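The next block holds one structure in the form of structure tokens; read it before the comments.
The structure displayed is predicted, hence computed values, not measured ones. Below, read A as the first sequence line, B as the second, and so on, with proteins coming before strands; counting in each chain starts at 1.
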Amino acid sequence: MSISSTTSAGFRWTTSSQKSRAIQPRPLQNRESMHDFFLPVIQSALSAAGITTEKPIQIEQPSDRKFGDFSTNIALLSAKECRKNPRELAGEIVRHLQFPADTVGRIEVAGAGFINFYLTPAFIMRFAEQVLREGYDYGKGVAGKGQKAIVEYVSANPTGPLTIGRGRGGVLGDSLANLLETQGYAVTREYYFNDAGRQMQILGESVKLRYLEACGCPVDFPDTCYQGDYIRDIAGTIHAEHGSSLMDSDLLPFKNTAESIIFTSIRKTLKRLGIEHDAFFNEHTLYTPDEGGVTENQRVIDQLRAQGFIAEYDGATWFLTTKLGQEKDKVLVKSSGEPSYRLPDIAYHITKFERGYDMIVNVFGADHIDEYPDVLEALKILGYDTARIKVAINQFVTTTVDGQTVKMSTRKGNADLLDDLIDDVGADATRLFFIMRGKDSHLNFDVDLAKKQSKENPVFYLQYAHARICSLLRLAVQEAGFDEASLPEAGSLEKLTSPAEIELGFAILDYPDMVKTSLRLLEPQKMVEYLHTLAEFFHRFYQECPILKAEPDISRARLFLCLATRQVLRNGFRILGVSAPESM
RNA sequence: GUGCCCGUAGCUCAAUGGAUAGAGCAUCAGCCUUCUAAGCUGAGGGUUACUGGUUCGAGUCCAGUCGGGCGCACCA
């Protein structure tokens, strides 16, 4: 369970530990989180006090630190059960609490019966030392160790360049994948697409019409076709290469060329945001018969039929969701003989199970909200453990340009392109804007605001903290011969006791729990907020405490606190996919 | 009509059922001969859309009402 002492962290830091006056490994506790630090102690206190309760022991951080660094409401929760006054009960529990030495300094009963814990400064500062030992391993956990996870995101069919709206899911998915990796999961980032459907036919048509136009033929370009300029560009490319020789060709070469060009551009755009998928799953493989001549789609039908959930009527094949309490059955195979999108979707998810994923995360937009329950129902009927599937739905993005709210449509070609946005505000601001709001909130992307390279842009606040530390350390190295790779003497950070220092130390202590919470809620946004708090405490510390100008011992300790802060910022930035500039 | 999401400060948004509802931006007042002022300190700004309910405790959970978004195809 320990992430602090004998894990891989120890190996990673062996080199620097050896050449410096290494602090002795001084594990805090074998713990996964502060919750796990408090839990056993409180449990023992309860049993020592003869209190039995069904209620869960909750460890929370009070909104105001004057109510303690951590607190528990167990006395409030269990008072009724125990038929005792909550405060009295709390007092009994407190009398039996036994924490390890020099961890919890003060315990008090407050309010209606809260038990508040105050950590000792030394305990808090030991986390900063831990950060320095562990580096990028600080905040990692083992919940996913030995497990495989797949995160499916973006999954746009190659019908056009990525729009701003698509970016939200892309960044959300990518950050979730990063979060999963911190907890030890082996993560596959997958992109699911279909280059065979109706939309792709329309794409081929659109390109061909523009091509004919380029050849000088008058064409009537219907508004069912893709209106965007990129269609003309692609047609122009084809015309430049083939002249008018394809005028009598069918749609295929147009479709194929368009697909290839568009897919390349999509991947290029994603890469600018640091998003690179490990796997591209073509839906069409589910339509391809295996050696026995059976497709994955067919297998789904057969298996659902065996369970009594398939019927044919009106010329189509139906998934009998009415048997599950829904209002209507759902078409799986159209009367044309083609599967509807639901069928391959079910088959696709079966492959995720068959490929052995323990954790399956799907990221998609609110327009798919009605689809996934059917998929889950089907999987359940077929005996798959749908608890492994986590669905992260992000609400839509509207953009505000010149104060006007714009609704976007790829078909109409009026959508703002993700590429243009990245050109304007850079990859960091783009990523941060997408995840600085909860995924359930409708995101109002104010393009004008995002374009401003000013302090209004939240990314600068975070990055500035990092750049400031780097600048400071450059000076420390140059002028005081400070060794960035060295580690502090054990306990040397305990000299730092001012409020600003303790607050900063506490924020550092909080990081591992924040990572876990963020993943549990599938909300990278929590990390943005956390990092903002961390940066805020750092800026305050920087303002109040002279670092290079303090007396040597203190100066050195503060430099290590800076180093620890920088490391935590870096770890957090890495999850969010935001860069850590050395200077600004 | 119906399913899901949302409604919190002027604006954009936070707040695992907890204690006095918080940030940023904007507004106002201070802080740079001193480690990066893209920073810090302070002030003002709220009937958490509305009405009931659940309980020690509700912005949070439940019911209803109002308002906005997205779905509700033999499109994906």
Examine the base of B:G18 for any acceptor or donor lying under 3.5 Å from a partner atom in the side chain of A:Asn73, and report the outcome as yes or no.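 When only heavy-atom distances are counted, A:Asn73 does reach the base of B:G18 through a donor-acceptor pair under 3.5 Å.
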For a quick check, tell me whether the side chain of A:Tyr341 and the base of B:A76 share a donor-acceptor pair closer than 3.5 Å.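 Result: at least one qualifying N/O pair found.
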Whole-Å distance separating the CG atom of A:Asn444 from the C1' atom of B:C25: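 Distance check: A:Asn444 CG to B:C25 C1' gives 14 Å.
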In whole angstrom, give the distance that lies between atom CG of A:Asn282 and atom P of B:A76.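 Atom CG in A:Asn282 sits about 14 Å away from atom P in B:A76.
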Side chain to side chain contact (heavy atoms under 4.5 Å, CB included) for A:Glu371 and A:Tyr341? Distances and angles first, verdict last. CA-CA 10 Å; A:Glu371 172 193 350; A:Tyr341 65 90; 3.7 Å; yes
Centroid distance under 5.5 Å and plane angle under 30°, A:Phe67 vs B:A19: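 Yes.
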Could you tell me whether the side-chain ring of A:Phe396 sits stacked on the base of B:G69, using a centroid cut-off under 5.5 Å and a plane angle under 30°?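 No, A:Phe396 does not stack on the base of B:G69, since the centre distance and plane angle fail the 5.5 Å and 30° test.
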Establish, with yes or no, whether the OP1 or OP2 oxygen of [N] is under 4.0 angstrom from a side-chain nitrogen or oxygen of [X].
X        : N     : result
A:Lys328 : B:C72 : no
A:Arg540 : B:U41 : yes
A:Tyr461 : B:C40 : yes
A:Lys334 : B:A76 : yes

Would A:Glu190 and A:Lys352 count as a salt bridge (charged side-chain N to carboxylate O under 4.0 Å, His left out) here? Give the steps. CA-CA 10 Å; A:Glu190 187 156 283; A:Lys352 292 182 182 177; 5.6 Å; no
All N/O contacts under 3.5 Å from nucleotides 33-35 of chain B to the protein, with atom names and distances to one decimal?
residue: B:U34; atom: O2'; partner: A:Lys549; partner atom: NZ; Å: 2.1
residue: B:C35; atom: O2; partner: A:Leu548; partner atom: N; Å: 3.0
residue: B:C35; atom: N3; partner: A:Ile547; partner atom: N; Å: 3.1
residue: B:C35; atom: N4; partner: A:Tyr542; partner atom: O; Å: 2.7
residue: B:C35; atom: N4; partner: A:Cys545; partner atom: O; Å: 3.0

Can you tell me the pairing partner of [N] across any strand shown, Watson-Crick or G-U wobble, with both distances under 3.5 angstrom?
N     : value
B:C4  : B:G69
B:G46 : none
B:G39 : B:C31

Please write out each protein N/O paired with an N/O of nucleotides 4-8 of chain B under 3.5 Å, distance rounded to 0.1 Å.
residue: B:C5; atom: O2'; partner: A:Asp440; partner atom: O; Å: 2.8

Is the A:Phe263 ring parallel, tilted or perpendicular to the A:Phe280 ring (thresholds 30°, 60°)?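 If you compare the ring of A:Phe263 with that of A:Phe280, the planes turn out perpendicular.
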Assign the ring pair A:Phe193 / A:Tyr191 to parallel, tilted or perpendicular, where the plane angle (0 to 90°) is split at 30° and 60°.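 Judged by the thresholds at 30° and 60°, the geometry between A:Phe193 and A:Tyr191 is perpendicular.
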Which part of the nucleic acid does [X] contact within heavy-atom distance under 4.0 Å: base, sugar-phosphate only, or nothing?
X        : result
A:Glu529 : sugar-phosphate
A:His532 : sugar-phosphate
A:Glu283 : sugar-phosphate
A:Leu77  : base

Could you give the distance separating [M] and [N] at their [atom1] atoms, to the nearest angstrom?
N     : M     : atom1 : answer
B:G18 : B:A37 : C1'   : 39 Å
B:A43 : B:C4  : P     : 44 Å
B:A9  : B:A14 : P     : 12 Å
B:C72 : B:U65 : C1'   : 23 Å
B:U60 : B:G52 : P     : 14 Å
B:C25 : B:U41 : P     : 12 Å
B:C50 : B:G67 : P     : 15 Å

On RNA chain B, nearest-nucleotide positions of A:Glu582 versus A:Gly111: which is more 5'?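 The residue whose closest nucleotide sits nearer the 5' end is A:Gly111.
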Report the residue (A:Ile59 or A:Met436) whose heavy-atom-nearest nucleotide on RNA chain B is the more 5′ of the two.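 Its nucleotide being nearer the 5' end, the pick is A:Met436.
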Can you see whether A:Phe319 has A:Arg342 sitting over its ring - NZ or CZ less than 6.0 Å from the centre and within 45° of the normal?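 No - A:Arg342 does not lie over the ring of A:Phe319 by the 6.0 Å and 45° rule.
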Do A:Lys323 and A:Glu377 pass the salt bridge (charged side-chain N to carboxylate O under 4.0 Å, His left out) test, and can you show the C-alpha distance, the side-chain angles, and the key distance before you say yes or no? CA-CA 11 Å; A:Lys323 289 176 83 168; A:Glu377 292 290 1; over 6 Å; no
Please name all residues satisfying side-chain hydrogen bond (donor to acceptor under 3.5 Å, both in side chains) with A:His539, sequence neighbours left out, ordered by chain then number.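 Result, side-chain hydrogen bond (donor to acceptor under 3.5 Å, both in side chains) vs A:His539: A:Arg468.
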